[in-house]
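Below is one structure; the comments refer to it alone.
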Amino acid sequence: MEEKKIIFSGIQPTGVFTLGNYLGAVRNWGKLQEDYRSIFCVVDLHALTVRQVPKDLRHQTYQAYALLLACGIDPEKALVFVQSHVAGHAELSWILNNYTYFGELSRMTQFKDKSSKHEDNINAGLFDYPVLMAADILLYQTDLVPIGADQKQHLELARDIANRFNNAYSPTFVVPDGYFSKSGARVKSLQEPTKKMSKSDTNEKSYILLLDPPNVIRKKIRSAVTDSDAKVAYDPENKAGVSNLMEIYQAITGDSFEEIEGKFEGQGYGVFKDAVADVIIGELEPIQKRYEELMNDKKGLEAIMKEHAEMANRMAIRTLRKVKKKIGLVQV
Ligand code: TYM
C-alpha cells in the first residue's frame, strides 16, 4: 500500500478566524484529512512577534483550537496541536537560521507590511518569522502545505532552505509544495477590496469573523464597498468589490461566476448582498454551535491537546536527530 502524503499547516491564535482564513485554508484542511496524513498547528510562537496581552493570548489559543475542531478537523483523523507544546519547532528554527540569509528575510512582504504597521516594535522575531514557519513545515517531512495565497512567499523560502540544507549535506528534508484552493485563496477586505481580508485590520467592517452573529454578518455584507453600475458581473479589475463577494458566494455554494451572474441578472446589489449574507450565515451556523459546545469543555480540549502534542513530538524528534547528526552536534 502506498504511504499517505503528509500535509502540514498552521494558523495564528491572534483572534477569531476570518472568513478569509476559513475559505482560504481551514475549510480545506477538514477535507484533506480524509486523504492525507494531516497535521495542523495553532502557531502561538508566531503570534508573539506582535505584542500580545497574555490572558488574551491564552484564551485565543483555546479558541483557535476549538475553532479548528468546530470547522471539521477531526482529532481521530488528524494531528492538531499547539506549536509551543513541541519544543522542536523553536530548536529547528534556530538551526535553520544559519541557513537563511538576511537579504532573503528582508524581501518578505509580510515583514515589510508588519514592520510598517508596528514601527515601535520591529523585533528580531518578526524578521525571523518565516524561518520558524519553515521549521514547522520541515520538521514533519511535509509533502504539501495548504495555505492561502498570502503565504506563498514564505513557503518558497521554506523550499529554498530545505534545498540548501539538502545540498550542503545529503537529502534530509522533503521539499514541500504549496496547496492552494481554487476558490477562496485570497478573500479581500470588504471595505478595500484590493487588500486581503485580515483580522488585524483596524476597520471591523472590513472582515467577517467566524463567530459573528447573523445580524452582524448581514450588516457587514450590506455595507461592503461595491460600485455604481449595479450589475452583478465578475471583473476583479474594474469591479473588485462585487467580484470579491462573488468569489465568496462561489467558494461556499460552488456556483460558477456565470451561474451567479445569471441568477442575479437585473436585480441590483441589495438582493445579491442579502443572498451572500444568507450563504455565509448558513455556512457558519453549525460551526458556531459546535464551537460553543467545545469551549464549554476546556478540560476535554486540554486532553486532546496533550495527547496530540506528544504524538507530534515523537515525529519532530525523529527529524531533529537526523539534522543534528548531519551538522555535527553530539547526541548522547
Ligand atoms: P495566518 O494565521 O495569517 O492565516 C492562516 C491561514 O489563512 C490564510 N488566509 C487567507 N486565505 C485567503 N484569504 C485571506 N484573506 C486570508 N487570510 C489568511 C493564510 O494564507 C493561512 O493559510 N504564517 C502563517 C501561519 C503558519 C503556517 C506555518 C502556515 C505558521 N507556520 C506552517 C503553514 C505552514 C500565518 O500567519 O497564517
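Order of appearance sets the numbers: ligands from 1, and atoms from 1 within every ligand.
Atoms of ligand 1 found under 4.0 Å from any heavy atom of Ala25 (numbered from 1 in listed order, with element): 6 (C), 7 (O), 22 (O). Every atom of ligand 1 with a heavy atom of Ile137 under 4.0 Å away is listed here by number and element: 32 (C), 34 (C). Within the listing of ligand 1, atoms 11 (N), 12 (C) sit less than 4.0 angstrom from a heavy atom of Gly24. If you number the atoms of ligand 1 from 1 as listed, the ones under 4.0 Å from a heavy atom of Phe8 come out as 32 (C), 34 (C). Counting atoms of ligand 1 from 1 in the listed order, those under 4.0 Å from a heavy atom of Val145 are 33 (C), 34 (C).
With a 4.5 Å cut-off on side-chain heavy atoms, Ser9 and Ile147 count as touching. Side-chain contact between Leu157 and Leu105: present, with at least one pair of heavy atoms (C-beta onward) separated by less than 4.5 Å. Leu32 has its side chain within reach of Pro146: a pair of non-hydrogen atoms, C-beta onward, lies under 4.5 Å apart. When side chains are defined from C-beta on, Tyr129 does not count as touching Met108, because their heavy atoms never get closer than 4.5 Å. At least one side-chain heavy atom of Leu68 sits under 4.5 Å from a side-chain heavy atom of Val26.
In this structure, the protein non-hydrogen atom closest to atom 28 (C) of ligand 1 is Met133 CG, 3.5 Å. Counting only heavy atoms of the protein, atom 31 (N) of ligand 1 lies nearest to Asp136 OD2, 2.6 Å. Closest to atom 22 (O) of ligand 1, if we only count protein heavy atoms, is Gly148 N, 3.1 Å. From the protein, the heavy atom lying nearest to atom 25 (C) of ligand 1 is Gly10 O, 3.5 Å.
When heavy-atom distances to ligand 1 are checked against a 4.0 Å cut-off, Gln12 comes that close through both its backbone and its side chain. With a 4.0 Å cut-off on non-hydrogen atoms, Ala185 touches ligand 1 through its backbone and not its side chain. Heavy atoms from both the backbone and the side chain of Val187 come within less than 4.0 Å of ligand 1. Heavy atoms from both the backbone and the side chain of Asn21 come within less than 4.0 Å of ligand 1. Contact annotation for His46 and ligand 1: only side-chain heavy atoms (C-beta onward) come within less than 4.0 Å of the ligand.
Below 3.5 Å of separation, one finds an N or O of Gly20 facing an N or O of ligand 1. Taking any N or O of Tyr129, backbone or side chain, at least one lies under 3.5 Å from an N or O belonging to ligand 1. Between Lys199 and ligand 1, not a single N/O pair is under 3.5 Å apart. The shortest N or O to N or O distance between Thr18 and ligand 1 is not below 3.5 Å. Between Asp150 and ligand 1, a contact under 3.5 Å exists for at least one N or O pair. Looking at Gln151 next to ligand 1, an N or O pair under 3.5 Å apart turns up.
More than 12 heavy atoms of other residues, nucleotides or ligands shown are found within 6.0 angstrom of NZ on Lys117. Crowding of Lys114 atom NZ: a count of heavy atoms from other residues, nucleotides or ligands under 6.0 Å exceeding 12.
In this structure, Asn166 CG and Arg164 CZ are separated by 11.5 Å, a value rounded to the nearest 0.5 Å.
Asp44 and Thr61 form no side-chain donor-acceptor contact under 3.5 Å, judged by distance and modelled atom types alone.
In this structure, the ring of Tyr249 has its center less than 6.0 angstrom from the ring center of Phe264. In this structure, the ring of Phe81 has its center less than 6.0 angstrom from the ring center of His89.
A salt bridge is defined here as a Lys NZ or Arg NE, NH1 or NH2 lying under 4.0 Å from an Asp or Glu carboxylate O, and Asp150 with Arg186 fails to meet this definition.
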